[in-house]
There are 2 protein chains.
Amino acid sequence: MQRFEEKTMTSKKIFEGNIIDVQLDEVRLPNGETAQRELVYHPGAVAIIPITPDNKIVLVEQYRKPLERTLVEIPAGKLEQNENPLTAAVRELEEETGYTTTNLSQVTSFYTSPGFANELVYVYVTNDLIKMENPPAGDDDEFVEIMEVTLDEAKDLVEKGRIQDAKTNYAVLYLHALTK
Amino acid sequence: MQRFEEKTMTSKKIFEGNIIDVQLDEVRLPNGETAQRELVYHPGAVAIIPITPDNKIVLVEQYRKPLERTLVEIPAGKLEQNENPLTAAVRELEEETGYTTTNLSQVTSFYTSPGFANELVYVYVTNDLIKMENPPAGDDDEFVEIMEVTLDEAKDLVEKGRIQDAKTNYAVLYLHALTK
(Lines give C-alpha, C1' and ligand atoms only; values in the text may rest on other atoms or scores of the structure.)
Protein backbone atom coordinates (compact mmCIF):
# COMPACT_ATOMS: atom_id res chain seq x y z
CA MET A 1 0.00 0.00 0.00
CA GLN A 2 2.89 2.29 -0.87
CA ARG A 3 0.63 4.86 -2.53
CA PHE A 4 -1.00 5.73 0.82
CA GLU A 5 2.19 6.25 2.75
CA GLU A 6 2.77 9.43 4.76
CA LYS A 7 6.44 10.37 4.77
CA THR A 8 7.70 12.01 7.97
CA MET A 9 9.22 15.46 7.31
CA THR A 10 9.73 16.68 10.88
CA SER A 11 9.15 15.06 14.25
CA LYS A 12 8.80 16.89 17.55
CA LYS A 13 8.68 15.18 20.94
CA ILE A 14 5.98 16.91 23.02
CA PHE A 15 5.80 14.78 26.17
CA GLU A 16 7.41 11.70 27.68
CA GLY A 17 5.31 10.18 30.43
CA ASN A 18 5.18 6.95 32.38
CA ILE A 19 2.36 5.56 30.23
CA ILE A 20 2.31 7.59 27.04
CA ASP A 21 4.65 9.64 24.87
CA VAL A 22 3.25 12.37 22.65
CA GLN A 23 4.82 13.45 19.38
CA LEU A 24 3.92 15.94 16.66
CA ASP A 25 4.92 14.99 13.11
CA GLU A 26 4.69 16.90 9.88
CA VAL A 27 4.07 14.45 7.04
CA ARG A 28 4.15 14.54 3.25
CA LEU A 29 0.86 13.18 1.88
CA PRO A 30 0.52 11.05 -1.28
CA ASN A 31 -0.61 14.19 -3.19
CA GLY A 32 2.51 16.14 -2.19
CA GLU A 33 0.74 18.32 0.38
CA THR A 34 1.80 18.38 4.03
CA ALA A 35 -0.28 17.64 7.12
CA GLN A 36 0.20 17.53 10.87
CA ARG A 37 -0.13 14.25 12.79
CA GLU A 38 -0.68 14.19 16.56
CA LEU A 39 0.71 10.87 17.81
CA VAL A 40 0.35 9.06 21.12
CA TYR A 41 2.76 6.18 21.76
CA HIS A 42 1.71 3.51 24.25
CA PRO A 43 3.47 0.24 25.20
CA GLY A 44 0.39 -1.87 24.39
CA ALA A 45 -1.92 -3.76 26.72
CA VAL A 46 -3.52 -7.08 27.53
CA ALA A 47 -7.08 -7.90 28.53
CA ILE A 48 -8.50 -11.17 29.83
CA ILE A 49 -12.00 -12.66 29.65
CA PRO A 50 -12.00 -14.80 32.82
CA ILE A 51 -14.83 -17.36 33.08
CA THR A 52 -15.37 -19.10 36.44
CA PRO A 53 -16.30 -22.80 36.83
CA ASP A 54 -19.93 -21.71 37.46
CA ASN A 55 -19.87 -19.80 34.14
CA LYS A 56 -19.59 -16.26 35.48
CA ILE A 57 -17.42 -13.49 34.05
CA VAL A 58 -14.96 -11.84 36.43
CA LEU A 59 -15.07 -8.06 36.00
CA VAL A 60 -13.38 -5.18 37.77
CA GLU A 61 -14.84 -1.79 38.52
CA GLN A 62 -12.42 1.12 38.74
CA TYR A 63 -12.25 4.89 38.53
CA ARG A 64 -11.11 6.20 35.14
CA LYS A 65 -9.67 9.67 35.53
CA PRO A 66 -10.00 10.70 31.84
CA LEU A 67 -13.77 10.10 32.16
CA GLU A 68 -14.14 11.22 35.80
CA ARG A 69 -16.28 8.14 36.43
CA THR A 70 -16.00 4.41 37.11
CA LEU A 71 -16.27 1.75 34.44
CA VAL A 72 -16.84 -1.99 34.78
CA GLU A 73 -14.23 -3.75 32.63
CA ILE A 74 -12.58 -7.08 31.99
CA PRO A 75 -9.22 -7.27 33.80
CA ALA A 76 -6.52 -5.51 31.78
CA GLY A 77 -3.26 -3.68 32.05
CA LYS A 78 -0.41 -2.31 30.07
CA LEU A 79 2.65 -4.25 28.99
CA GLU A 80 5.85 -3.80 30.97
CA GLN A 81 8.95 -3.15 28.87
CA ASN A 82 9.71 -6.15 26.60
CA GLU A 83 7.05 -8.21 28.38
CA ASN A 84 5.45 -11.12 26.55
CA PRO A 85 1.68 -10.42 26.27
CA LEU A 86 0.82 -13.86 27.64
CA THR A 87 3.02 -13.28 30.70
CA ALA A 88 1.41 -9.88 31.16
CA ALA A 89 -2.07 -11.40 30.91
CA VAL A 90 -1.32 -13.91 33.69
CA ARG A 91 0.18 -11.14 35.84
CA GLU A 92 -2.79 -8.79 35.39
CA LEU A 93 -5.30 -11.59 35.98
CA GLU A 94 -3.58 -12.50 39.26
CA GLU A 95 -3.14 -8.91 40.46
CA GLU A 96 -6.63 -7.72 39.61
CA THR A 97 -8.79 -10.76 40.37
CA GLY A 98 -6.87 -13.07 42.70
CA TYR A 99 -7.33 -15.91 40.19
CA THR A 100 -4.59 -17.52 38.17
CA THR A 101 -4.67 -19.94 35.23
CA THR A 102 -2.46 -22.31 33.28
CA ASN A 103 -4.51 -21.94 30.10
CA LEU A 104 -5.13 -18.71 28.20
CA SER A 105 -6.28 -18.61 24.57
CA GLN A 106 -5.87 -15.51 22.43
CA VAL A 107 -9.24 -14.30 21.12
CA THR A 108 -8.09 -11.35 19.05
CA SER A 109 -5.90 -8.26 19.11
CA PHE A 110 -6.75 -4.74 18.04
CA TYR A 111 -5.53 -1.17 17.98
CA THR A 112 -7.82 0.90 20.15
CA SER A 113 -7.54 4.31 18.46
CA PRO A 114 -5.44 3.95 15.31
CA GLY A 115 -6.12 7.54 14.23
CA PHE A 116 -3.91 9.02 16.93
CA ALA A 117 -2.50 6.20 19.11
CA ASN A 118 -0.50 3.00 18.56
CA GLU A 119 -1.95 1.15 21.58
CA LEU A 120 -2.48 -2.53 20.68
CA VAL A 121 -4.59 -4.69 23.01
CA TYR A 122 -4.22 -8.49 23.08
CA VAL A 123 -7.45 -10.15 24.28
CA TYR A 124 -7.35 -13.58 25.95
CA VAL A 125 -10.01 -15.90 27.33
CA THR A 126 -9.78 -18.60 29.99
CA ASN A 127 -12.24 -21.10 31.40
CA ASP A 128 -9.63 -22.54 33.77
CA LEU A 129 -9.47 -20.23 36.74
CA ILE A 130 -7.74 -21.21 39.96
CA LYS A 131 -8.37 -19.17 43.11
CA MET A 132 -5.04 -18.09 44.62
CA GLU A 133 -4.29 -18.42 48.32
CA ASN A 134 -1.99 -15.40 48.33
CA PRO A 135 -2.60 -13.25 45.26
CA PRO A 136 0.10 -10.68 44.39
CA ALA A 137 -0.61 -7.02 45.11
CA GLY A 138 -1.47 -4.84 42.14
CA ASP A 139 -0.17 -1.37 41.31
CA ASP A 140 -0.06 0.99 44.28
CA ASP A 141 -2.32 3.48 42.53
CA GLU A 142 -5.03 1.05 41.38
CA PHE A 143 -8.23 0.57 43.36
CA VAL A 144 -10.49 -2.04 41.83
CA GLU A 145 -13.61 -3.85 42.98
CA ILE A 146 -14.15 -7.38 41.69
CA MET A 147 -17.55 -8.58 40.43
CA GLU A 148 -18.61 -12.00 39.15
CA VAL A 149 -21.63 -11.77 36.85
CA THR A 150 -23.60 -13.94 34.44
CA LEU A 151 -23.65 -13.11 30.74
CA ASP A 152 -27.17 -11.71 31.11
CA GLU A 153 -26.01 -9.48 33.96
CA ALA A 154 -23.06 -8.34 31.82
CA LYS A 155 -25.44 -7.45 28.96
CA ASP A 156 -27.51 -5.47 31.45
CA LEU A 157 -24.36 -3.57 32.52
CA VAL A 158 -23.78 -2.71 28.84
CA GLU A 159 -27.40 -1.51 28.54
CA LYS A 160 -26.95 0.69 31.61
CA GLY A 161 -23.63 2.11 30.36
CA ARG A 162 -21.63 0.81 33.32
CA ILE A 163 -19.78 -1.36 30.81
CA GLN A 164 -18.76 1.01 28.04
CA ASP A 165 -15.29 0.30 26.76
CA ALA A 166 -14.03 -1.31 23.60
CA LYS A 167 -12.42 -4.43 25.05
CA THR A 168 -15.29 -5.20 27.46
CA ASN A 169 -18.07 -4.55 24.95
CA TYR A 170 -16.12 -6.85 22.62
CA ALA A 171 -15.86 -9.50 25.36
CA VAL A 172 -19.60 -9.44 26.08
CA LEU A 173 -20.41 -9.74 22.37
CA TYR A 174 -17.85 -12.57 22.05
CA LEU A 175 -19.50 -14.56 24.87
CA HIS A 176 -22.95 -13.79 23.43
CA ALA A 177 -21.87 -15.16 20.03
CA LEU A 178 -20.58 -18.37 21.67
CA THR A 179 -23.99 -19.11 23.19
CA LYS A 180 -25.89 -18.74 19.92
CA MET B 1 -18.75 4.77 43.69
CA GLN B 2 -17.55 7.72 45.74
CA ARG B 3 -14.92 5.59 47.47
CA PHE B 4 -12.97 5.13 44.21
CA GLU B 5 -12.82 8.79 43.27
CA GLU B 6 -9.51 10.44 42.39
CA LYS B 7 -9.52 14.09 43.46
CA THR B 8 -7.56 16.45 41.20
CA MET B 9 -4.82 18.30 43.10
CA THR B 10 -3.00 19.99 40.22
CA SER B 11 -3.64 20.08 36.49
CA LYS B 12 -1.11 21.01 33.82
CA LYS B 13 -1.93 21.51 30.15
CA ILE B 14 0.81 19.85 28.07
CA PHE B 15 -0.45 20.17 24.51
CA GLU B 16 -3.42 21.57 22.62
CA GLY B 17 -3.73 20.07 19.15
CA ASN B 18 -6.31 19.91 16.40
CA ILE B 19 -7.41 16.41 17.40
CA ILE B 20 -6.19 15.83 20.94
CA ASP B 21 -5.31 17.80 24.05
CA VAL B 22 -2.87 16.35 26.57
CA GLN B 23 -2.96 17.12 30.29
CA LEU B 24 -1.00 15.96 33.32
CA ASP B 25 -2.92 15.76 36.60
CA GLU B 26 -1.78 15.00 40.09
CA VAL B 27 -4.58 13.19 41.94
CA ARG B 28 -5.36 12.24 45.52
CA LEU B 29 -6.14 8.52 45.71
CA PRO B 30 -8.77 6.95 48.01
CA ASN B 31 -5.97 5.91 50.42
CA GLY B 32 -4.65 9.48 50.70
CA GLU B 33 -1.60 8.89 48.49
CA THR B 34 -0.99 10.92 45.33
CA ALA B 35 -0.49 9.68 41.78
CA GLN B 36 0.12 11.15 38.35
CA ARG B 37 -2.45 10.78 35.58
CA GLU B 38 -1.55 11.28 31.91
CA LEU B 39 -4.74 12.34 30.13
CA VAL B 40 -5.62 12.60 26.45
CA TYR B 41 -8.80 14.53 25.59
CA HIS B 42 -10.50 13.76 22.29
CA PRO B 43 -13.82 15.10 20.88
CA GLY B 44 -15.24 11.59 20.34
CA ALA B 45 -15.95 9.72 17.15
CA VAL B 46 -18.52 7.85 15.11
CA ALA B 47 -18.21 4.60 13.17
CA ILE B 48 -20.66 3.05 10.75
CA ILE B 49 -21.25 -0.59 9.72
CA PRO B 50 -22.57 -0.08 6.16
CA ILE B 51 -24.25 -3.14 4.58
CA THR B 52 -25.01 -3.02 0.84
CA PRO B 53 -28.19 -4.46 -0.76
CA ASP B 54 -26.15 -7.52 -1.84
CA ASN B 55 -25.09 -8.03 1.79
CA LYS B 56 -21.53 -6.77 1.60
CA ILE B 57 -19.75 -4.62 4.17
CA VAL B 58 -18.26 -1.36 2.95
CA LEU B 59 -14.76 -0.90 4.36
CA VAL B 60 -12.04 1.70 3.89
CA GLU B 61 -8.32 1.13 3.80
CA GLN B 62 -6.13 4.00 4.95
CA TYR B 63 -2.65 4.78 6.23
CA ARG B 64 -2.45 5.16 10.00
CA LYS B 65 0.57 7.24 10.92
CA PRO B 66 0.81 6.08 14.59
CA LEU B 67 1.24 2.50 13.29
CA GLU B 68 3.18 3.36 10.11
CA ARG B 69 0.94 0.98 8.19
CA THR B 70 -2.49 0.76 6.59
CA LEU B 71 -5.55 -0.72 8.28
CA VAL B 72 -8.87 -1.82 6.81
CA GLU B 73 -11.63 -0.26 8.91
CA ILE B 74 -15.32 0.51 8.94
CA PRO B 75 -15.92 4.15 7.95
CA ALA B 76 -15.36 6.46 10.91
CA GLY B 77 -14.39 9.96 11.88
CA LYS B 78 -14.20 12.34 14.75
CA LEU B 79 -17.03 14.58 15.89
CA GLU B 80 -16.95 18.23 14.89
CA GLN B 81 -17.56 20.69 17.72
CA ASN B 82 -21.07 20.24 19.17
CA GLU B 83 -21.96 17.85 16.34
CA ASN B 84 -24.73 15.31 16.89
CA PRO B 85 -23.22 11.81 16.52
CA LEU B 86 -25.95 10.75 14.08
CA THR B 87 -25.26 13.78 11.87
CA ALA B 88 -21.56 13.00 12.03
CA ALA B 89 -22.21 9.37 11.07
CA VAL B 90 -24.14 10.40 7.94
CA ARG B 91 -21.40 12.90 7.05
CA GLU B 92 -18.57 10.39 7.46
CA LEU B 93 -20.48 7.68 5.58
CA GLU B 94 -21.02 10.06 2.64
CA GLU B 95 -17.46 11.44 2.61
CA GLU B 96 -15.68 8.12 2.95
CA THR B 97 -17.88 5.75 0.92
CA GLY B 98 -20.01 7.80 -1.48
CA TYR B 99 -23.12 6.16 -0.02
CA THR B 100 -25.78 7.91 2.03
CA THR B 101 -28.68 6.59 4.09
CA THR B 102 -31.89 7.72 5.75
CA ASN B 103 -31.76 4.98 8.37
CA LEU B 104 -28.97 4.43 10.91
CA SER B 105 -29.40 2.38 14.08
CA GLN B 106 -27.04 2.71 17.02
CA VAL B 107 -25.38 -0.62 17.85
CA THR B 108 -23.32 0.43 20.86
CA SER B 109 -20.92 3.05 22.14
CA PHE B 110 -17.62 2.58 23.92
CA TYR B 111 -14.56 4.36 25.24
CA THR B 112 -11.56 3.16 23.27
CA SER B 113 -8.79 3.57 25.89
CA PRO B 114 -10.32 4.61 29.19
CA GLY B 115 -7.01 4.31 31.04
CA PHE B 116 -5.56 7.42 29.41
CA ALA B 117 -8.09 8.85 26.91
CA ASN B 118 -11.71 10.01 26.97
CA GLU B 119 -12.44 9.14 23.32
CA LEU B 120 -15.99 7.75 23.03
CA VAL B 121 -17.01 6.00 19.77
CA TYR B 122 -20.65 5.70 18.73
CA VAL B 123 -21.18 2.69 16.45
CA TYR B 124 -24.07 2.64 13.95
CA VAL B 125 -25.31 0.08 11.43
CA THR B 126 -27.32 0.57 8.24
CA ASN B 127 -28.79 -1.82 5.69
CA ASP B 128 -30.25 1.05 3.66
CA LEU B 129 -27.45 2.43 1.53
CA ILE B 130 -28.11 4.77 -1.36
CA LYS B 131 -25.31 5.42 -3.89
CA MET B 132 -24.75 9.19 -4.25
CA GLU B 133 -24.43 10.86 -7.65
CA ASN B 134 -22.12 13.56 -6.29
CA PRO B 135 -20.62 12.51 -2.98
CA PRO B 136 -19.06 15.29 -0.84
CA ALA B 137 -15.27 15.48 -0.66
CA GLY B 138 -13.66 14.23 2.54
CA ASP B 139 -10.90 15.84 4.55
CA ASP B 140 -8.02 17.18 2.45
CA ASP B 141 -5.52 15.01 4.30
CA GLU B 142 -7.42 11.71 4.10
CA PHE B 143 -6.65 9.15 1.41
CA VAL B 144 -8.91 6.12 1.61
CA GLU B 145 -9.59 3.18 -0.66
CA ILE B 146 -13.09 1.67 -0.56
CA MET B 147 -13.66 -2.10 -0.46
CA GLU B 148 -16.91 -4.08 -0.45
CA VAL B 149 -16.48 -7.52 1.11
CA THR B 150 -18.59 -10.44 2.31
CA LEU B 151 -18.62 -11.35 6.00
CA ASP B 152 -16.36 -14.33 5.27
CA GLU B 153 -13.90 -12.05 3.47
CA ALA B 154 -14.00 -9.65 6.45
CA LYS B 155 -13.24 -12.53 8.84
CA ASP B 156 -10.31 -13.43 6.61
CA LEU B 157 -9.03 -9.84 6.82
CA VAL B 158 -9.17 -10.14 10.63
CA GLU B 159 -7.22 -13.43 10.45
CA LYS B 160 -4.58 -11.77 8.28
CA GLY B 161 -4.33 -8.72 10.59
CA ARG B 162 -5.38 -6.26 7.87
CA ILE B 163 -8.44 -5.58 10.04
CA GLN B 164 -7.06 -4.96 13.52
CA ASP B 165 -8.85 -2.15 15.29
CA ALA B 166 -11.39 -2.14 18.08
CA LYS B 167 -14.40 -0.77 16.21
CA THR B 168 -13.90 -2.95 13.10
CA ASN B 169 -13.17 -6.17 15.01
CA TYR B 170 -16.33 -5.38 17.00
CA ALA B 171 -18.28 -4.85 13.75
CA VAL B 172 -17.16 -8.18 12.26
CA LEU B 173 -18.07 -10.00 15.48
CA TYR B 174 -21.43 -8.18 15.54
CA LEU B 175 -22.28 -9.32 12.00
CA HIS B 176 -21.04 -12.82 12.80
CA ALA B 177 -23.36 -13.01 15.85
CA LEU B 178 -26.32 -11.91 13.70
CA THR B 179 -25.88 -14.84 11.33
CA LYS B 180 -25.83 -17.46 14.06
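Residue numbers begin at 1 in each chain, while the letters A, B, ... track the order of the sequences.
- Linking ILVMFWY side-chain heavy atoms closer than 4.5 Å, directly or via other members, places Val125(A) and Val172(A) in a single hydrophobic cluster.
- Looking only at side-chain heavy atoms (C-beta outward), Ile14(B) and Ile14(A) come within less than 4.5 Å of each other.
- Between chain A and the residues Gln23(B), His42(B), Glu159(B), the most heavy-atom pairs under 4.5 angstrom are made by His42(B).
- Between Phe110(B) and Lys167(A), every side-chain heavy-atom pair lies at or beyond the 4.5 Å cut-off.
- Looking at Val123(A), neither its backbone nor its side chain comes within 4.5 Å of chain B, counting heavy atoms on both sides.
- Atoms CD and CG, on Glu68(A) and Leu39(B) in that order, are 8.0 Å from each other to the nearest 0.5 Å.
- Enclosure of atom NZ in Lys12(A) is not indicated, since only 12 or fewer non-hydrogen atoms of other residues, nucleotides or ligands lie within 6.0 angstrom.
- Interface summary for chain B: among Ala117(A), Pro114(A), Gly77(A), Gly161(A), the most heavy-atom pairs under 4.5 angstrom belong to Pro114(A).
- Both the backbone and the side chain of Ile19(B) come within contact range of chain A, each with at least one heavy atom under 4.5 Å from a heavy atom of that chain.
- Listed for the Glu38(B) side chain is a donor-acceptor partner under 3.5 Å among the backbone atoms of Ile20(A).
- A single hydrophobic cluster is not seen to contain both Met147(A) and Val58(A); linkage of ILVMFWY side chains at heavy-atom distances under 4.5 Å, directly or through other members, places them apart.
- Atom CG of Asn55(B) has 12 or fewer heavy atoms from other residues, nucleotides or ligands within 6.0 Å.
- Of the atoms belonging to Glu6(B), heavy atoms from both backbone and side chain fall under 4.5 Å from chain A.
- Once rounded to the nearest 0.5 Å, the distance linking CZ of Arg37(A) with OH of Tyr63(B) reads 10.5 Å.
- Counting heavy atoms from C-beta on, the side chains of Lys65(B) and Thr8(A) come closer than 4.5 Å.
- There is no contact between Ile163(B) and chain A, counting heavy-atom distances below 4.5 Å.
- Within a 6.0 Å sphere centred on NZ of Lys13(B), other residues, nucleotides and ligands contribute more than 12 heavy atoms.
- When the side chains of ILVMFWY residues are joined at heavy-atom separations under 4.5 Å, either directly or via intervening members, Leu175(B) and Ile146(B) end up in two distinct hydrophobic clusters.
- Heavy atoms from other residues, nucleotides or ligands lying under 6.0 Å from NZ of Lys7(A) number 12 at most.
- With chain B as partner, the option from Val27(A), Val40(A), Asn118(A) having the largest number of non-hydrogen pairs under 4.5 angstrom is Asn118(A).
- Transitive grouping of hydrophobic side chains (ILVMFWY, heavy atoms separated by less than 4.5 Å) brings Ile51(B) and Leu59(B) into a common cluster.
- For the pairing with Tyr111(B), the side-chain contact (heavy atoms from CB on, under 4.5 Å) check across Thr112(A), Leu67(A), Thr168(A), Asn169(A) returns one residue only, Leu67(A).
- A distance of 11.5 Å separates NZ in Lys78(B) from CZ in Phe116(A), rounded to the nearest 0.5 Å.
- Per-residue counts of heavy-atom pairs under 4.5 Å with chain B were compared for Ala45(A), Gly115(A), Ala76(A); the largest is that of Gly115(A).
- Note on Leu173(A): it clusters hydrophobically with Val72(A), by side-chain heavy-atom contacts below 4.5 Å among ILVMFWY residues.
- Both the backbone and the side chain of Tyr174(B) come within contact range of chain A, each with at least one heavy atom under 4.5 Å from a heavy atom of that chain.
- Neither the backbone nor the side chain of Val121(B) comes within contact range of chain A; no heavy atom of the residue lies under 4.5 Å from a heavy atom of that chain.
- If you measure heavy-atom distances from Glu73(B) to chain A, the contacts under 4.5 Å come from the side chain alone.
- For Ser109(B), the parts lying near chain A are the backbone and the side chain together; criterion is any non-hydrogen pair under 4.5 Å.
- Of the listed residues (Val158(A), Asp25(A), Asn31(A), Leu24(A)), the one with the most heavy-atom contacts under 4.5 Å to chain B is Asn31(A).
- For Asn18(B), the parts lying near chain A are the backbone and the side chain together; criterion is any non-hydrogen pair under 4.5 Å.
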